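Counting from 1, the numbers follow the sequence of the chain as shown. Remember, predicted model here, so these are calculated numbers, not experimental data.
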Amino acid sequence: MSFKPMLGDGSINARGNSASPLRSVSWINSSVIFDSRRWECKEAELRWAAPYHLVVLTEAGHTSQTYIKSDGKEIYDGRDRSGDITFVPAGVERVGVYRDTKLFYSALWIDPSLDLPGCENLSDMRLHINGRDDVIASLLRSLCAETSLGHKPLSVYVEHLTALIVLRLGELNNVRKGKARREPLSRPTLARVQDYVEANIGSNISLTELASVAGMRADSFARRFKAATGLAPYAFVLEERIRRAEALLAGTDEAIANVGIRLGFSSQSHFTSTFRRLRGIAPQAYRVNFIPES
């Protein structure tokens with residue numbers, strides 16, 4: 001199978017080229033897309049530009065040489081290595097050569113119109129090839145691990161993860177940020193958001209939905225929600241689902257798989273792994289050990 005980036009246009013000329021099938025997941029009406037694959041080739045020449053911002057993690061592997069130019073200027077001449085992070089702003093064309101490529105990579109594509117904290121600065125950031133950042137690498141590895149198991153994390157989780165990556169990129173690119181407001185949500189606004197979560201607990205609730213309920217921008221909402229509750233929005237939604245799951249496990253004989261699906265988890269294994277991570281015990285063990293004796 002030949003190699004081609006998921007989004008964009010350009011040309012790729014390669015010798016000894018092979019790639020695994022592309023595995024991709026999208027959220028928020030395809031405003032955020034994540035894909036991963038393996039790629040091998042003897043030599044490849046690439047000229048490419050895409051309408052989305054792109055963050056790439058080299059999960060494993062290497063090249064013997066990676067040479068990148070943009071706008072007629074040399075940007076990078078070195079090698080790809082495991083843990084390298086690349087950022088390409090939307091619309092920026094890369095012209096490059098890759099030699100002796102054996103890579104497994106993950107790519108996060110971000111729509112420039114996405115309303116998340118820091119996204120408005122991405123277009124002003126510079127092209128960044130094969131840098132190192134343990135925070136971004138850890139976040140992308142966690143998303144790769146979830147999706148490789150067939151799980152699709154909640155939209156609100158992916159929005160939060162994307163916002164963290166974007167803000168981290170801003171710090172690395174010396175983007176100046178205004179001081180964040182820490183005023184908590186008002187009680188009526190918080191109650192309105194909590195009611196929405198309660199009514200839609202089995203749906204794929206997104207950060208933008210919750211911000212809309214609160215009547216504010218996503219970045220302001222996320223900060224003020226955490227100031228009010230001590231939890232990021234995605235963590236609050238997840239905690240509410242697990243709390244509801246505890247009640248269903250203890251008070252009904254509904255099948256564990258059905259409990260997970262009812263509460264918005266993508267599969268029984270996704271529900272079980274999340275429940276165990278947050279409660280330290282599997283759902284079946286919780287049901288056996290915590291149902292009061294009649």
Side-chain angles (χ1 to χ4, degrees), residues 1-20 22 24 33-110 112 118-119 121-141 143-144 162 164-176:
M1 179 177 291
S2 62
F3 168 79
K4 181 180 178 181
M6 184 169 184
L7 297 174
D9 295 294
S11 62
I12 300 174
N13 299 313
R15 293 191 298 112
N17 182 54
S18 68
S20 65
L22 186 70
S24 66
I33 304 172
F34 180 78
D35 70 69
S36 58
R37 73 178 351 166
R38 296 184 183 277
W39 176 39
E40 295 187 15
C41 73
K42 185 64 178 176
E43 182 174 279
E45 296 179 358
L46 176 146
R47 179 183 292 270
W48 204 266
Y52 276 37
H53 304 302
L54 172 63
V55 186
V56 179
L57 167 66
T58 301
E59 300 268 4
H62 59 83
T63 62
S64 66
Q65 183 186 21
T66 298
Y67 178 77
I68 302 293
K69 293 195 305 180
S70 183
D71 196 25
K73 299 177 183 178
E74 179 181 305
I75 303 298
Y76 181 83
D77 188 1
R79 302 175 64 184
D80 280 48
R81 303 162 298 165
S82 176
D84 282 349
I85 299 291
T86 288
F87 170 70
V88 185
V92 171
E93 184 181 64
R94 287 175 293 159
V95 179
V97 175
Y98 299 84
R99 293 188 171 91
D100 301 315
T101 300
K102 293 185 178 181
L103 296 175
F104 172 50
Y105 74 85
S106 296
L108 185 71
W109 303 85
I110 305 170
C119 281
N121 296 319
L122 287 178
S123 295
D124 298 326
M125 295 183 192
R126 66 184 183 275
L127 177 65
H128 188 71
I129 304 294
N130 289 345
R132 310 290 288 191
D133 187 87
D134 291 341
V135 175
I136 295 175
S138 177
L139 292 169
L140 290 176
R141 285 195 178 106
L143 190 56
C144 184
T162 302
L164 288 174
I165 289 174
V166 168
L167 292 173
R168 185 69 180 179
L169 286 170
E171 292 177 6
L172 295 176
N173 281 267
N174 297 316
V175 173
R176 297 178 63 88

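Residues forming a side chain to side chain donor-acceptor pair (under 3.5 Å) with R47 (at least two apart in sequence, or on another chain): E93. Taking the side chain to side chain contact (heavy atoms under 4.5 Å, CB included) definition, one finds that D100 meets it with K42, S64, sequence neighbours left out. Checked against side chain to side chain contact (heavy atoms under 4.5 Å, CB included), L164 has the following partners two or more places apart in sequence or in another chain: L139, H160. Listed by chain and residue number, E43 satisfy the salt bridge (charged side-chain N to carboxylate O under 4.0 Å, His left out) test with R99 (two or more places apart in sequence, or in another chain). Evaluation of the side chain to side chain donor-acceptor pair (under 3.5 Å) rule for E45 yields no partner, not counting sequence neighbours. By the side chain to side chain donor-acceptor pair (under 3.5 Å) test, S82 is found to be paired with no residue, residues two or more places apart in sequence or in another chain being considered. By the salt bridge (charged side-chain N to carboxylate O under 4.0 Å, His left out) test, R168 pairs with D133, E171, sequence neighbours left out. Under the rule for a salt bridge (charged side-chain N to carboxylate O under 4.0 Å, His left out), the partners of D84 that lie at least two apart in sequence or sit in another chain are R81, R132. A107 is linked by a side chain to side chain contact (heavy atoms under 4.5 Å, CB included) to D35, L54, V56, Y105, W109, counting only residues two or more places apart in sequence or in another chain. In this view, K102 and E40 satisfy the side chain to side chain contact (heavy atoms under 4.5 Å, CB included) rule, not counting sequence neighbours. In terms of the side chain to side chain donor-acceptor pair (under 3.5 Å) criterion, residue partners of T63 (sequence neighbours excluded) are, by chain and number, T66.
The closest side-chain heavy-atom distance from F87 to R126 is not below 4.5 Å. With contacts defined as side-chain heavy-atom distances shorter than 4.5 Å, the pair L127/I129 qualifies. In this structure, L46 and V95 have side chains that are not in contact, with every pair of non-hydrogen atoms separated by 4.5 Å or more. For the pair R94 and V88, the minimum side-chain heavy-atom distance is below 4.5 Å. Under the 4.5 Å side-chain criterion, counting only non-hydrogen atoms from C-beta, C119 is not in contact with H53. Between C144 and F34, some side-chain heavy-atom pair lies under the 4.5 Å cut-off.
Under the 3.5 Å distance criterion, the side-chain polar atoms of W48 are left unmatched by any main-chain donor or acceptor of G96.
Remark: R15 CZ to C41 SG distance equals 9.0 Å, nearest 0.5 Å. Here the CG atom belonging to N130 is positioned 8.0 Å from the CD1 atom belonging to I68, to the nearest 0.5 angstrom.
Within 6.0 Å of the CG atom in D77, the count of heavy atoms belonging to other residues, nucleotides or ligands exceeds 12.
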Between W39 and Y98, is a ring-ring contact (aromatic ring centres under 6.0 Å, His included) present by the stated rule, with each step listed? CA-CA 11 Å; W39 176 39; Y98 299 84; 5.6 Å; yes

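Heavy atoms only, all atoms of each residue included: K4 and I12 are closest at CA-CD1, 4.0 Å. The two residues L7 and A50 come nearest to each other via the heavy atoms O-CB, 3.6 Å.
Listed by first then second residue, pairs satisfying salt bridge (charged side-chain N to carboxylate O under 4.0 Å, His left out) with a partner in residues 62-71 number zero, not counting sequence neighbours.
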